[in-house]
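Worksheet: one structure, shown below.
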Amino acid sequence: CYKASSFKKVDLCYATSTPLTVGLIALYFKRRFNIPFYFEVRDLWPEAPVQMRTISNPLLKNYLYRLEKNICKKAERLVALSPGIAQYLRRIVPQKPLLLLPNLSDCQFFRKADKNLYHEEQFDAVDKFVVSYFGAIGKANHLEYMLHAAEACQHTLSDVLFFIAGNGSEKQKIQQMAVNRQLHNVRFVPAQNKYGLLSLLNITDAAYICFADQPVLQTNSPNKFFDALAAGKMCITTTPGWLTQLVEENQCGLFIDPKQPETFVSRLAPFVHDRQRLESYQHQARELAEQQFDKNKHIENLLAAINPEAEKQPATAYSLTV
């Protein structure tokens, strides 16, 4: 709010949440300088921490839900990053203009490429089938599921390696669990910037998208999923929802029930043993990125929504009925 005083000649404030308190700054802009704002909802908050039981105080929950509704009502337009988030927002503010704009795939930076021997040697993954997770390592990600899968694979699919790249409150716990279970097929690497991620993706055969078993987390729109699509990687999802629907309909990935790790082996084995099948799924992943989530197309849709002259013909980045 203090910094806002230096932005007086502004036509529109674009507030992106989480955290929900970003909306308080947008409300300040609106009241203090009469600047309208768009409110982009990247994750449902407070719904997510309520379902995760991080927030349990009834008074605090009631206050946060009222704050969420007030921010949404005062916004000029809402921007939802997934169909599930859009449906939720439609319920609390039915008449508010809403743009569905999922996270983007940077198809110029990330490209589908053959594995590079230098990178394989760098990560000690020569002639291995690599399943990679990259991103936050927190309670919401529940990477215990990945360790269960690795344990199931250790003796039956010995050519499969699991890489975990990232930081978070649960990292030390997950590392200790891997040691305790003597998982020699699990490797931890530091969190990567985009260029480091490019190297990791180069050796990756399948990206692992993991969340805890909570309904609200099925609405997520994680960056890592769209980066993996752009890089032409098969995607393994562990949560029912719109991401699973996408990968199954476009035959670019698999949904594997994380509570049945033995099925991980049987579902993954055909791709480990049949390179053509894997490459087919990887090719379709890249096609999905280009056709539905390309960065340039998303920018066009957002600019069309911001430009008042485009209001008569609003663009949509992804088809949805809500």
Side-chain angles (χ1 to χ4, degrees), residues 48 52 123-125 128-192 196-197 199-214 217-218 220-229 231 233-241 243-244 246-248 252-272 278 281-282 285:
M52 296 291 294
F123 287 98
D124 190 22
K128 297 293 185 180
F129 187 101
V130 176
V131 178
S132 294
Y133 173 89
F134 46 94
I137 305 175
K139 289 185 178 181
N141 310 105
H142 201 82
L143 282 176
E144 291 89 341
Y145 289 150
M146 191 173 190
L147 298 187
H148 298 330
E151 190 170 23
C153 286
Q154 184 154 252
H155 301 296
T156 52
L157 288 176
S158 58
D159 289 337
V160 177
L161 286 182
F162 294 81
F163 278 79
I164 298 176
N167 287 319
S169 60
E170 297 286 291
K171 183 174 182 177
Q172 188 173 357
K173 171 187 170 183
I174 296 298
Q175 287 177 313
Q176 190 58 52
M177 286 181 64
V179 171
N180 293 344
R181 296 184 180 206
Q182 298 182 331
L183 298 178
H184 305 298
N185 57 350
V186 176
R187 310 274 176 83
F188 290 86
V189 297
Q192 304 290 310
L197 178 57
S199 298
L200 178 59
L201 282 170
N202 181 267
I203 67 158
T204 296
D205 295 289
Y208 193 83
I209 314 299
C210 185
F211 292 105
D213 184 21
Q214 296 291 345
L217 299 179
Q218 296 177 19
N220 280 0
S221 183
N223 287 321
K224 50 183 166 275
F225 174 76
F226 299 94
D227 290 342
L229 290 181
K233 302 302 172 183
M234 183 175 83
C235 294
I236 299 171
T237 63
T238 64
T239 306
L243 297 184
T244 289
L246 272 175
V247 299
E248 290 185 338
C252 62
L254 303 170
F255 167 74
I256 301 179
D257 188 341
K259 296 180 181 178
Q260 299 180 22
E262 64 281 357
T263 65
F264 189 95
V265 175
S266 60
R267 297 293 307 279
L268 188 65
F271 297 92
V272 176
L278 173 64
Y281 272 56
Q282 291 176 335

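Computation of the quantities below employed the complete heavy-atom set of this structure, encompassing side-chain atoms and omitting hydrogens, waters and symmetry-equivalent molecules. In this chain, numbering begins with 1 at the start of the sequence shown. Predicted, not measured: the structure shown is a model, and the values here were computed from it.
For Lys173, the salt bridge (charged side-chain N to carboxylate O under 4.0 Å, His left out) test picks out Glu144, Glu170, with sequence neighbours left out. Every residue two or more places apart in sequence or in another chain that forms a salt bridge (charged side-chain N to carboxylate O under 4.0 Å, His left out) with Asp205 is listed here: Lys115, Arg275. For Arg181, the salt bridge (charged side-chain N to carboxylate O under 4.0 Å, His left out) partners at least two apart in sequence or on another chain are Glu151.
The shortest side-chain heavy-atom distance between Phe264 and Leu157 does not fall under the 4.5 Å cut-off. Side-chain atoms of Asn185 and Lys128, non-hydrogen and from C-beta on, never get closer than 4.5 Å to each other. Using a 4.5 Å heavy-atom cutoff, the side chains of Val189 and Phe163 are in contact. In this structure, Ile256 and Thr263 have side chains that are in contact, with non-hydrogen atoms separated by less than 4.5 Å. Proximity of Pro190 to Gln192: side-chain heavy atoms (C-beta onward) are separated by under 4.5 Å at one or more points. Side-chain contact between Leu201 and Ser132: absent, with no pair of heavy atoms (C-beta onward) separated by less than 4.5 Å. With contacts defined as side-chain heavy-atom distances shorter than 4.5 Å, the pair Thr238/Met146 does not qualify. Inter-residue side-chain proximity for Phe129 and Leu268 is flagged as met; some heavy-atom pair is nearer than 4.5 Å.
Interatomic distance, Arg267 CZ to Ile236 CD1, rounded to the nearest 0.5 Å: 9.5 Å. Taken from OH in Tyr208 to OG1 in Thr237, the straight-line distance is 9.5 Å, to the nearest 0.5 Å. Separation of atoms CD (Gln175) and CG (Asn180) is listed at 12.0 Å; rounding is to 0.5 Å. Leu246 contributes atom CG, which lies 5.5 Å from atom CZ of Phe225 (distance to the nearest 0.5 angstrom). Residue Leu197 holds its CG atom at 5.0 Å from CZ of Phe134, rounded to the nearest 0.5 Å. To the nearest 0.5 Å, atoms CE (Met234) and CG (Leu278) are separated by 6.0 Å.
Counting all heavy atoms, side chain and backbone alike, Tyr133 lies closest to Cys210 at CE1-N, 4.3 Å. Nearest approach of Ala228 to Cys235, heavy atoms of both residues: CB-SG, 3.9 Å. Closest non-hydrogen pair, Ala125 versus Val130, comes out as CB-CG2, 4.0 Å. Of all the heavy atoms in Ile174 and Leu147, the pair that sits closest is O-CD1, 3.6 Å. Here the closest non-hydrogen pair linking Ala178 and Phe188 is CB-CE1, 3.9 Å. When all heavy atoms of Thr239 and Gln218 are compared, the pair lying nearest together is CG2-CG, 3.3 Å.
The aromatic rings of Tyr281 and Phe271 sit perpendicular to each other, their planes meeting at more than 60°, with 30° as the lower class boundary.
At least one donor-acceptor pair closer than 3.5 Å links the side chain of Lys171 to the backbone N or O of Gly166.
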Worksheet entry | His142 and Leu217: CA distance, side-chain angles, deciding distance, side-chain contact (heavy atoms from CB on, under 4.5 Å) verdict | CA-CA 11 Å; His142 201 82; Leu217 299 179; over 6 Å; no

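The 12-atom threshold is not exceeded at NZ of Lys139, counting heavy atoms of other residues, nucleotides or ligands nearer than 6.0 Å.
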